[in-house]
Amino acid sequence: MSLIPKSSSYRKLLDTLALSDKIILCLLIVVVFFFLIGGDATGTAVTLHTLMLVLFAAVIAVCVNWSSHAWVPWLRTISTVAIILTLYSTLAEPAFIVMGGSRDHALAMIDRWLFAGHDPALLGETLITPFRLEFFSFIYGYFIPFLYLSIFLGCFGRPEIERREFLEGLSLTYTLAYVGYLFVPARGPIEFYHFSAPLVGGTFHKIVLSGVVATGGNHGAFPSLHVGTTAYVCLFDLRRNPLRGFTYLPMVMLIAISTILLRYHYVIDLIIGLAIAFWANRVASRERGGE
Amino acid sequence: MIYRIFRLIWRFALSIFFRRIEVDGLEHVPENGAILLVPNHTNAFVDPLVILVNLSRPVTLTAKSVLRRNPLLRLIIKYFNIIELHRRQDIAGGADPLKNQDAFAECRRRLKSGAAICIFPEGVSHSDASLRRFKHGAARLAIEYTRENPNSNRLMIVPVGIDYEAKAKMRSSVWVRFDHPIDVVQWLQTEEVPTGDALTNLLEERVRSLSRNHRTKREALLFNWTAEVYATRGQSPEMLGRNEVRHANRVHLIERLQAAYYAIEPKHPEKITDLIDRLRAYRSELGRWGVTVAEVFLPLSIAQAAFFVLREVELLVVGTPIVIVGVIQHALPWVIVRRIAVTFSKDHDHWASNVIVPSLVVWPLLLSIESTIVGLTASWTWAAMFLAVSPFTLLYATLWRERTGGAWSRTRSFLLFVTNRSTKAQLEAEGQDIIKIIDRTLAEAEMANKGTSL
C-alpha cells in the first residue's frame, strides 16, 4: 500500500516523473545531505552539488511541463547522462574528508578472505609482463569509447520504451556505485599495497595514467564502475540486441581482469559492480516489462 | 548422465542451425509415467531432436531399421537404445517386418517402466503439403499396452506438431507444439468402438490440427508469400538483430489466410485469382530489383541511416577479431560437414539431418586436432583456451554472418531506393494495395464465416 494517496497532487507529480528522474533526484539529495554533514571541510562540494540538484530539478520541471514536445526525451536523456558523468569526478574526493579517510584496509581484508589469505593484487603483480601491461591498458582504456558509444546508442536512435529502459538501468548502476563511493571511499590497491615495482608501460599505459589524473586521481575504487557499467550495457544488449551483447562479452571479462592487473580495483569491487549491474538490469527490464 | 550431455550438445547444435526454436504446451507433457509422443514427420532425424532437447525427461526414440546401415547412426541407435521399426517399404534394404513384434514388445516393456517413447505414425519423413495418413502402429501399441496393464502406469498419448519455417535453411525457425494428452484408459472406456482405426483417426486428427496442411505445395507457397507481405503491415522493418516476430505468429497468420481463402474462393474465385496474380507480379518485381518485402518499406531518413551505419559498422569492426578466431577454428569442420551434407542429401528432407548429425563427430574431432596443434606449437594453456572459447566463437561467427548479411542487404536496398525513389514509391504503393486487399478478404471471410455459424 502506498503511503501517498493516489489523488494527492504530490502523487500525481511523482507519477509524471520517469524512474531515471527519481533515481537521479534521490542521488543528488543524498549527495547534498552527505556533504552538508561534512560541513566546511568539504569546500565547495555542497554548493556545487546543490547547484546540480537545482539545475536538474529545473530541467525535469521543464520536461514535465512540456512533456508532449519531441525534444523532451532528448533533454531528459542529455541532462541525466551529464549529471551522472559529472558526479564521477566531483563526489569521490570530498567523500574521503566526510568519512575521515579511506576504507582500503577493509576492502583488502575482504579480498584476502576471499582468496584464502592471499592478496589478489599481489598475485596479479606476478602475472604482469610488459606485453600484458600494454594489452590490458588498451582494454582498460577502451572502456571510455565503449561506454560513450554504448550510452549514445542506448539513448538515441531506438524506440522510446527502450531508451527509457536503458536510461533507468544506467542511472541505477551509477547511483548505487556512487553510494559506494560516498560511504566506502577507497583509492584502490595501487595506493594501498607496497608493490615491488611501479607499473611502467608504453603508450596505452601512459594514456590510462593521464586519464586517471584527468578525472581527479585514484578514487572511487568501491565498487568498480568499469565492471558495473560495462556489464550493465552488455546485459541490456543481450536482451535488446544480442549480437552486440555477445560482441562485448569478452571485453567485459577482459576489462574486469585489467582493473585487477592495473591495480585499480579489489576483487570485491568487481563482485559488487557485477551485482549492481545485474540488479539494475533486472529492475529496468521489470519496470518496462508490461509495455 | 551421457544422455544429458548429449542433449546439451544437440541443443547447442540445433541452436546453431536454427535461429529460433519456439516451444508451446510443455505443460501438457506429464513429467513422469508412460507417455507416447506422436509428432508429424517432415525433417528426418531433426524431428526427434527438437522434441527431446525440449523435454526434461529422457525420451526413447524409434527409427526405421535401415538407418543401421549408416555407421554413425548405428552408434547413435546403440548408445541411445533406439527401438528399430521394420517398414514394409524397406524389405529390399534388409528390413524384416516380422521383427516388429519384438520391437513393439520392447516398447511395451519400456512403457511399463514409465518411459516416454516418440513414434512417428506417418512412418516416413516427407515434404508433402499436408500430413500423410497415419499408420496403425502407434495406436495398436497404445491399445495393447493399456489392455495388458489396465491398472499400472496409465499411458498418455501426447500429440506433437512441428512446423519449420524452411526446414533445409540454416538460421530459420521451428515451432514445436505439445497438445493436451489423450488418456488411453479413459478413451477405451468412453469410445463406442475402441479400435486401432478409431484411435489412429483421433491421433491423425489431433496432429493435423497442430500442423500446416495445404492442398498442394503451390498453395503452401502462395500462403507463405501472402503472409510475408501481409506481416509487414506496410511499416518500416524492425532494427536488425531484434527479437523478430515469432514463427508461431506467422503460422497463425497463414492459418487465418487459409481459412479466408477457403471461404471466399468458391463464391468469388475471380477475387482470389486477381490477388494471386498481383502477388506473383509483385514478387517477381521484387526479385528483379533484388529487395525483400520488408525492405520496400525502409525509411529513407538520413538520421536513421546514420544510426544504422554506426550500429552496424561498430559490430563489423569490433566483432571482426572474434570472427577471425571463429573462422580459424570452424572453417574446416564446416567445409567438411557441408561436403558430407551435399553428398548425402538427395532431397530437402535430409539436409538438416545431414548437417547436424555429422557435425557431432566432425566438430569435436577437428577441434581436438586443432587444439593439439596449438598445444604442441604454443602451450597447453593456449590449447585449453582455444578449445574453451570454440563454442562461443562458433555461435558468434554464425550470428555475425547472419547480421552482416542482413546489414548488407538493407544497405544495398537503401542505396537502390535513394537513387530510384520512384521505384520505391511504386513498390510501396503496390505493397500497401495488396495488404488492403488481404485485409478486405479477411474481413469478408470473417463475415461469411459468421453468417454460416449463425
Side-chain angles (χ1 to χ4, degrees), chain A residues 70-71 73-74 77 126-127 129 131-132 135-136 138-163 165-166 230 233-255 257 281 285 288-289 291, chain B residues 15-16 19-20 171 235-244 299 301-326 329 378-379 381-382 385-386 388-408:
Chain A
W71 49 264
W74 288 72
T77 305
T126 59
L127 298 174
T129 62
F131 172 75
R132 286 180 193 161
F135 175 73
F136 282 106
F138 168 76
I139 296 290
Y140 192 85
Y142 188 79
F143 166 78
I144 296 295
F146 166 51
L147 178 68
Y148 286 2
L149 187 61
S150 298
I151 290 176
F152 184 72
L153 290 174
C155 293
F156 304 110
R158 65 166 68 240
E160 173 63 9
I161 286 173
E162 289 182 23
R163 187 195 61 75
E165 183 187 318
F166 178 80
T230 50
V233 167
C234 193
L235 289 170
F236 175 83
D237 279 332
L238 282 172
R239 276 190 297 113
R240 294 294 191 180
N241 184 0
L243 186 65
R244 190 169 194 269
F246 281 126
T247 305
Y248 283 108
L249 198 59
M251 190 60 86
V252 174
M253 290 188 222
L254 289 173
I255 284 176
I257 297 169
N281 179 56
S285 61
R288 305 255 79 86
E291 291 176 47
Chain B
S15 67
I16 294 289
R19 189 169 63 238
R20 291 169 71 107
R171 309 303 297 160
Q235 287 164 3
S236 47
E238 275 266 21
M239 278 157 66
L240 284 175
R242 287 320 175 83
N243 290 332
E244 292 160 34
S301 140
I302 296 300
Q304 288 192 36
F307 274 111
F308 172 83
V309 170
L310 187 61
R311 276 195 302 267
E312 302 310 317
V313 169
E314 183 206 13
L315 288 181
L316 188 75
V317 174
V318 185
T320 299
I322 309 174
V323 173
I324 290 171
V325 177
Q329 291 185 314
S379 74
T381 312
W382 278 107
M385 276 166 63
F386 182 88
V389 300
S390 64
F392 174 75
T393 55
L394 176 60
L395 180 65
Y396 187 85
T398 311
L399 293 176
W400 189 87
R401 184 170 174 260
E402 191 185 351
R403 176 70 171 260
T404 46
W408 168 242

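Numbers restart at 1 for each chain; the letters A, B, ... are given by sequence-line order, proteins then strands. This one's a predicted model, so the numbers in the text were calculated from it and none came from an experiment.
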Decide yes or no for [X] and [Y]: does some side-chain heavy atom of the first lie under 4.5 Å from some side-chain heavy atom of the second?
X: A/Leu243; Y: B/Leu240; result: no
X: B/Leu399; Y: A/Pro242; result: no
X: A/Leu249; Y: B/Tyr396; result: no

Identify the two heavy atoms, one from A/Phe246 and one from B/Phe392, that lie closest to each other, and give their separation to 0.1 Å.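 Looking at all heavy atoms of both residues, the closest pair is O-CZ, 3.3 Å.
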Do other residues, nucleotides or ligands put more than 12 heavy atoms under 6.0 Å from the CZ atom of A/Arg158? yes
Mark yes when over 12 heavy atoms from residues, nucleotides or ligands other than B/Trp408 sit less than 6.0 Å from its CH2; otherwise mark no.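 Not buried by this count: 12 neighbours or fewer within 6.0 Å.
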Examine whether an atom of A/Phe156 lies under 4.5 Å from a heavy atom of chain B, and if so say whether it belongs to the side chain, the backbone or both; otherwise answer neither. both
Per-residue contact mode, A/Leu153 against chain B (heavy atom under 4.5 angstrom): side chain
Under 3.5 Å, is there a donor-acceptor pair between the side chain of A/Arg244 and the main chain of B/Gly241? no
Structural part of B/Phe308 lying under 4.5 Å from a heavy atom of chain A: neither
As an exercise: rank B/Arg403, B/Gln304, B/Glu314, B/Met239 by heavy-atom pairs under 4.5 Å with chain A and give me the winner.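 Between B/Arg403, B/Gln304, B/Glu314, B/Met239, the count favours B/Glu314.
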If I take atom OH from residue A/Tyr248 and atom CD1 from residue B/Ile322, how far apart are they, to the nearest 0.5 angstrom?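 Reported to 0.5 Å precision, the distance equals 9.5 Å.
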